[in-house]
2 protein chains.
Amino acid sequence: MEQRTYNQYCATARTLDLVGERWTLLLVRELLTGPKRFGDLQHSLRGLGTGLLAARMKHLEREGLVHKVTLPPPARTAAYALTRAGEELGPAVLALARWGLKWAMDEPREQETFHPGWAVLGLRACFDAEAATGLHALYEFRVEEEIFHARIDDGTIETVHGPAQHPDVTITIGGEVFRDLAAGRSTLAEAINNGAASASGDQQALRRLHQLFRLPRPQTRSAAQAPAS
Amino acid sequence: MEQRTYNQYCATARTLDLVGERWTLLLVRELLTGPKRFGDLQHSLRGLGTGLLAARMKHLEREGLVHKVTLPPPARTAAYALTRAGEELGPAVLALARWGLKWAMDEPREQETFHPGWAVLGLRACFDAEAATGLHALYEFRVEEEIFHARIDDGTIETVHGPAQHPDVTITIGGEVFRDLAAGRSTLAEAINNGAASASGDQQALRRLHQLFRLPRPQTRSAAQAPAS
DNA sequence: CGGCATCCATTTTGATACTG
DNA sequence: CAGTATCAAAATGGATGCCG
């Protein structure tokens, strides 16, 4: 395995040698919101068979980007988690997501799957650090059956799968609304006004939340275009 | 073509549908330092055949990331350039490069090729915007037969293939030294002291240059490691 | 359920020869 | 030099079965 290399002494190429194969960066994306079990990973990634998934995870493990953990009680089952090196791929994945939010997220297509965790990462991708100066807050998102939380500490954001301990605000929202929101086709304020979402908790923290994400204005990639430089 | 899609309504997955195939991001990398001809691209990317290269460029063109241009005189030949959308993949490519600089750039391996343009992009990846506040300068790098320039304007950097008009500083340097420098295994100051590089022009701009790039301390990805979270 | 091997149809790729 | 045509090798997708 991994005999196929670009053979270039270049940081980008070396990185792509490690994580450029099909599915690999999406596996990293899944783990960026916390450890996941083998089955969870496969469930999120339709089209990825057990054989290839096992091969990819073994590769990531061998390369030191992922390691096996035992989930804390009461779960106690085995799962995969990112190592420090794996976690630091976050900025690269989020950069790809930012580009996609601006240039590739038109209407959802038939056939396309969606999981709330992707939208959570989408929010994280357009987190505006400046807008969060001085803010320390814990937000919980209850999207259909899935729960996530975002911890904001003065310009930093952490988004994790699972409930929060003592959230300042809890947002309850349907999957489709949440999807539209993360794709910039709706806002949280609108959704709450609509009744499509509800928020409870610290009202001031909620007001800050509205300002924290700066979604790019979607653009179309027309093939006929003036030079970039 | 492009029938293979992840079918996920996710910004990262949609982006990878467009540029996640083998070679594609490396082609973007090549074009990030300016337009290139078909043959130049193939020359830089050993192992990429003409058939696949043609298919990739056609795909990128159809998707509006690349377009054909006619090089200005005296060249006048056809070339490929990034569109606005393509150019904006820069941050994602540079994020991958930053990760690689930290976690994947050990010694060059036998068989690995190297082109100065990659190192130029490596420098750009670790450009420190804060260190460049108030600086407006044009640097020219003459690496073996290749010439690049970097234009710095107060926190922004632009790196382009080709000579500069009226550079403030011109650095002449060998390919291997430049390679080591961009991989963090040497510094420009050392290279100049060694005589491995020479610089002429505005001495103050040269002093600033030394401070502009913050290379990450290389790390090893040990598979046996404590959890990241 | 987690994890892995095996078999097979389909795609993707790599390498080379060939054409305007 | 820019690209097409062709073919062999490799990667992928999907199904299935096995084992603890």
Side-chain angles (χ1 to χ4, degrees), chain A residues 1-8 13 16-27 30-31 35-63 66-71 73-81 111-113, chain B residues 1-8 13 16-27 30-31 35-63 66-71 74-81 111-113 223:
Chain A
M1 217 59 66
E2 194 50 56
Q3 69 240 64
R4 184 170 278 184
T5 163
Y6 289 114
N7 269 317
Q8 298 180 356
L16 289 174
D17 274 343
L18 289 169
V19 299
E21 295 166 278
R22 191 163 166 79
W23 298 110
T24 306
L25 278 176
L26 296 187
L27 288 167
E30 293 300 314
L31 297 179
K36 298 269 182 302
R37 292 176 303 171
F38 188 92
D40 296 333
L41 291 171
Q42 206 200 357
H43 177 254
S44 295
L45 277 61
R46 199 175 53 184
L48 172 57
T50 58
L52 199 50
L53 174 54
R56 288 286 185 274
M57 295 317 289
K58 193 170 288 185
H59 168 71
L60 287 173
E61 217 180 326
R62 192 159 29 84
E63 294 296 347
V66 153
H67 64 146
K68 285 187 178 145
V69 295
T70 302
L71 255 35
R76 280 195 192 291
T77 64
Y80 296 95
Q111 301 252 325
E112 276 186 336
T113 61
Chain B
M1 219 57 68
E2 194 48 56
Q3 67 240 65
R4 184 169 279 182
T5 162
Y6 289 114
N7 268 317
Q8 298 180 355
L16 290 174
D17 275 342
L18 289 168
V19 299
E21 294 166 279
R22 192 163 165 78
W23 297 110
T24 305
L25 278 176
L26 295 186
L27 288 167
E30 291 300 315
L31 297 179
K36 298 272 182 301
R37 291 176 302 170
F38 188 94
D40 295 333
L41 291 171
Q42 206 201 357
H43 178 253
S44 294
L45 276 61
R46 199 174 55 184
L48 171 57
T50 57
L52 198 50
L53 174 54
R56 287 287 185 272
M57 296 318 287
K58 196 168 290 186
H59 167 71
L60 287 172
E61 216 179 328
R62 192 158 31 82
E63 294 296 345
V66 153
H67 64 147
K68 286 186 176 145
V69 296
T70 303
L71 255 34
R76 279 196 193 289
T77 64
Y80 296 96
Q111 301 252 326
E112 274 186 337
T113 61

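All figures in this text were calculated on a predicted structure; none of them were measured in a lab. Labels below follow one simple rule: chain letters A, B, ... track the order of the sequence lines, proteins then strands, and each chain is numbered from 1.
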Non-neighbouring partners of [X] that pass side-chain hydrogen bond (donor to acceptor under 3.5 Å, both in side chains), sequence neighbours left out:
X	result
A:Arg37	A:Asp40
A:Ser44	A:Glu30
B:Arg56	B:Thr24

Using rotation axes that map the C1' atoms of four end pairs onto the next four (five pairs an end), what angle separates the end axes of the helix from C:dC1-D:dG20 to C:dG20-D:dC1, to 10°?
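For the helix from C:dC1-D:dG20 to C:dG20-D:dC1, the axes at either end differ by 30°.
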Given atom [atom1] of [X] and atom [atom2] of [N], what is their separation to the nearest angstrom?
X	N	atom1	atom2	result
A:Leu53	D:dT12	CG	P	13 Å
B:Leu45	C:dT13	CG	P	14 Å
B:Asp17	C:dT11	CG	P	16 Å
A:Leu27	C:dG3	CG	P	13 Å
B:Leu16	D:dT12	CG	C1'	16 Å
A:His43	C:dC1	NE2	C1'	14 Å
B:Phe38	D:dC1	CZ	C1'	9 Å
B:Glu61	D:dG3	CD	C1'	13 Å

Discussion item. Quick check for you: among D:dT12, C:dT13, C:dG3, whose closest atom lies nearest to any side-chain atom of B:Arg56?
Written reply: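 Taking heavy atoms from C-beta onward, the closest nucleotide is C:dT13.
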Are OP1 or OP2 of D:dT4 and a side-chain N or O of B:Lys58 less than 4.0 angstrom apart? yes
Is the phosphate of C:dG2, meaning OP1 or OP2, less than 4.0 Å from a side-chain N or O of A:Lys68?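 For C:dG2, OP1/OP2 do not have a side-chain N/O of A:Lys68 under 4.0 Å.
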What are the two closest non-hydrogen atoms of [X] and [Y], and how far apart are they?
X	Y	value
A:Leu25	A:Val19	CG-O, 3.5 Å
B:Arg22	A:Thr5	NH2-O, 3.8 Å
B:Leu52	B:Leu48	CB-CD1, 3.6 Å

Applied to residues 43-53 of chain B, the salt bridge (Lys or Arg N to Asp or Glu O under 4.0 Å) test, sequence neighbours excluded, yields none
query = Can you name the residues that form a side chain to side chain contact (heavy atoms under 4.5 Å, CB included) with A:Thr50, not counting sequence neighbours?
reply =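 Residues passing side chain to side chain contact (heavy atoms under 4.5 Å, CB included) with A:Thr50: A:Phe38, A:Gln42.
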Q) Looking at residues at least two apart in the chain, or sitting in another chain, which of them share a side chain to side chain contact (heavy atoms under 4.5 Å, CB included) with A:Lys68? A)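 Result, side chain to side chain contact (heavy atoms under 4.5 Å, CB included) vs A:Lys68: A:Glu61, A:Tyr80.
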Counting primed atoms, P, OP1 and OP2 as sugar-phosphate and everything else as base, the B/S/- map of nucleotides 14-20 of chain C against protein heavy atoms under 4.0 Å is SSBB---
